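Following: one structure in structure tokens, then a few remarks.
This one's a predicted model, so the numbers in the text were calculated from it and none came from an experiment. Atom set for the values below is all heavy atoms of this structure, side chains included, hydrogens, waters and symmetry mates excluded.
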Amino acid sequence: MSDWDSEQYLKFSVERTRPAIDLAERLTAVAPGRVLDLGCGPGNSTAVLKKYFPSAELLGVDNSPDMLAKARRDYPDLSFRLFDINDSLRPLGTGWDVIFANACLQWVPDHRTLLKKLLDALSDDGELAVQVPLQNKAPFHALLRRKAASQQWASFFPEIRRVHLLDELEYCELLQTYAETFTMWESDYFHILESPQAVLQWYRGTGLRPYLTVLPPEKQSEFQQEILAGIESLFPRLHDGSVVFKFPRLFFIAGKKRCRPVPATTQSDGRTPAATGAESAH
């Protein structure tokens with residue numbers, strides 16, 4: 001897939017940044033030393049973390065050169081690095097006090113393995129903070145999947161980039177297994193956008209982009225017009241013509257599972273086997 005478009009993405013910067021603020025507000029870390037913003041995009045979420053943790057060593061990473069170029073222009077005092085989590089976490093090292101992943105993990109496969117790796121990369125008292133758009137519950141994505149699978153369009157999307165999400169129960173099971181503690185919640189954001197065209201513009205910066213990228217130029221406009229017609233009937237309108245754009249998101253914060261010392265086995269006389277062996281050797 002071609003690179004992301006930071007300017008398109010930031011046309012709704014206030015609405016896109018709000019979930020990052022809501023996630024950061026729930027962190028319990030007081031003064032973390034090292035904070036990683038995973039999938040930092042154009043740096044808006046990294047700036048949120050800088051506000052909450054001004055003394056932390058803060059690094060934002062993303063696999064989009066366009067997004068990182070925007071981040072470096074807008075936040076020259078922050079550190080950013082090109083990195084693709086789909087390869088390996090090893091180059092990032094371990095010992096992070098906070099790993100913050102706002103609206104990015106849905107593009108990464110195999111969350112059962114991924115979450116354990118992220119938790120393992122934390123310091124002993126570290127926290128993993130995650131927010132993912134619930135695209136399986138979003139009305140727009142149901143419309144998009146339906147259109148893309150139709151007879152007219154299916155041949156254009158044989159290997160479209162899919163999102164990777166588990167359901168809430170699966171995330172609970174994983175976190176109960178791999179995390180010391182966790183908290184999870186879901187929020188519906190009701191954004192008031194000026195028109196159905198604005199909803200289309202929103203998704204041109206995210207979920208619609210992988211589809212437009214693989215379409216030939218002469219088909220992109222036609223596909224968008226069909227999506228727009230669906231949007232006009234999908235979202236409710238207010239008296240002034242603006243659109244109530246519902247966007248569901250899932251959040252969780254998890255702490256690293258601590259290694260607990262294994263208690264020594266004692267014999268009936270209260271001595272450990274090691275002590276008994278040592279005495280018999282004399």
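- The two residues A121 and I99 have their closest heavy-atom pair at CB-CD1, 3.9 Å.
- The CH2 atom of W96 lies 10.5 Å from the CG atom of D37; values are rounded to the nearest 0.5 Å.
- One finds the CG atom of L175 at 5.0 Å from the CE atom of M184 (value rounded to the nearest 0.5 Å).
- Shown here are the salt bridge (Lys or Arg N to Asp or Glu O under 4.0 Å) partners of R72, two or more places apart in sequence or in another chain: there are none.
- The minimum heavy-atom distance linking F182 with Q176 is given by the pair CE2-N, 3.7 Å.
- Residue P91 comes nearest to S88 through the heavy atom pair CD-O, 3.4 Å, listed as atom of the first residue, atom of the second, then distance.
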Validation: residues 233-255 side-chain donor-acceptor distances under 3.5 Å, sequence neighbours left out:
residue	atom	partner	partner atom	Å
S233	OG	G230	O	3.1
R237	NE	G241	O	2.8
R237	NH2	G241	O	3.1
D240	OD1	S242	N	3.0
D240	OD1	S242	OG	2.7
R249	NH1	Q131	OE1	3.0

**Chi angles and distances behind the side-chain contact (heavy atoms from CB on, under 4.5 Å) call for E170, H111** = CA-CA 10 Å; E170 290 174 303; H111 283 198; over 6 Å; no
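- A salt bridge is defined here as a Lys NZ or Arg NE, NH1 or NH2 lying under 4.0 Å from an Asp or Glu carboxylate O, and R18 with D22 meets this definition.
- Residue V98 comes nearest to A29 through the heavy atom pair CG2-CB, 4.1 Å, listed as atom of the first residue, atom of the second, then distance.
- Between the NZ atom of K257 and the OG1 atom of T181 there is a distance of 10.5 Å, given to the nearest 0.5 Å.
- Ring pair F12/W202 is tilted by interplanar angle, where 30° to 60° counts as tilted.
- Taking CG of L119 as the reference point, atom NZ of K116 lies at 8.5 Å (rounded to 0.5 Å).
- When every heavy atom of L92 is checked against every heavy atom of R34, the shortest pair comes out as O-NH2, 4.4 Å.
- When the side-chain contact (heavy atoms from CB on, under 4.5 Å) test is applied to L82, the partners found at least two apart in sequence or on another chain are P65, L68.
- With a 4.5 Å cut-off on side-chain heavy atoms, D125 and D97 do not count as touching.
- The neighbour count for D124 CG, taken as heavy atoms of other residues, nucleotides or ligands under 6.0 Å away, does not exceed 12.
- Atom OG1 in T183 sits 10.5 Å away from atom CD in E127 (nearest 0.5 Å).
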**Request:** Take Q197 and S195 through the test side-chain hydrogen bond (donor to acceptor under 3.5 Å, both in side chains) and record every step on the way to the result.
**Result:** CA-CA 5 Å; Q197 288 82 359; S195 66; 3.3 Å; yes
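- To the nearest 0.5 angstrom, L165 atom CG is 9.5 Å from W107 atom CH2.
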**Test side-chain contact (heavy atoms from CB on, under 4.5 Å) applied to H164 and V108, step by step** = CA-CA 6 Å; H164 304 274; V108 186; 5.8 Å; no
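- In the model, T17 has a side-chain atom that pairs as donor or acceptor with a side-chain atom of N44 under 3.5 Å.
- The shortest distance between side-chain heavy atoms of D74 and P42 does not fall below 4.5 Å.
- Residue-environment remark: CD (E194) stays at or below the threshold of 12 foreign heavy atoms within 6.0 Å.
- Checked for salt-bridge contact, D66 and K70 miss the test: no charged N lies under 4.0 Å from a carboxylate O.
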**Request:** Just do the side-chain contact (heavy atoms from CB on, under 4.5 Å) check on L89 and L118 with the steps written out, would you?
**Result:** CA-CA 8 Å; L89 284 174; L118 291 172; 3.8 Å; yes
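- The ring pair (Phe, Tyr, Trp, His ring centres under 6.0 Å) analysis of residues 116-151, with sequence neighbours excluded, yields the pairs F140-Y203, H141-Y203.
- Residues I21 and F100 share a hydrophobic cluster, clusters being chains of Ile/Leu/Val/Met/Phe/Trp/Tyr side chains in contact below 4.5 Å.
- If you run side chain to side chain contact (heavy atoms under 4.5 Å, CB included) between L36 and each of L122, T46, L59, only L59 comes through.
- Taking the side-chain contact (heavy atoms from CB on, under 4.5 Å) definition, one finds that D84 meets it with N63, N86, D87, sequence neighbours left out.
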**Prompt:** What's the verdict on side-chain contact (heavy atoms from CB on, under 4.5 Å) for T206 and R16, showing C-alpha distance, side-chain angles and the deciding distance?
**Reply:** CA-CA 11 Å; T206 53; R16 293 194 191 282; 3.4 Å; yes
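- Side-chain contact between M67 and F80: absent, with no pair of heavy atoms (C-beta onward) separated by less than 4.5 Å.
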Would you be so kind as to tabulate the donor-acceptor pairs closer than 3.5 Å made by side chains of residues 47-58, with sequence neighbours excluded?
residue	atom	partner	partner atom	Å
K50	NZ	P54	O	3.0
Y52	OH	E25	OE2	3.2

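- The minimum heavy-atom distance linking R204 with R209 is given by the pair O-CB, 3.7 Å.
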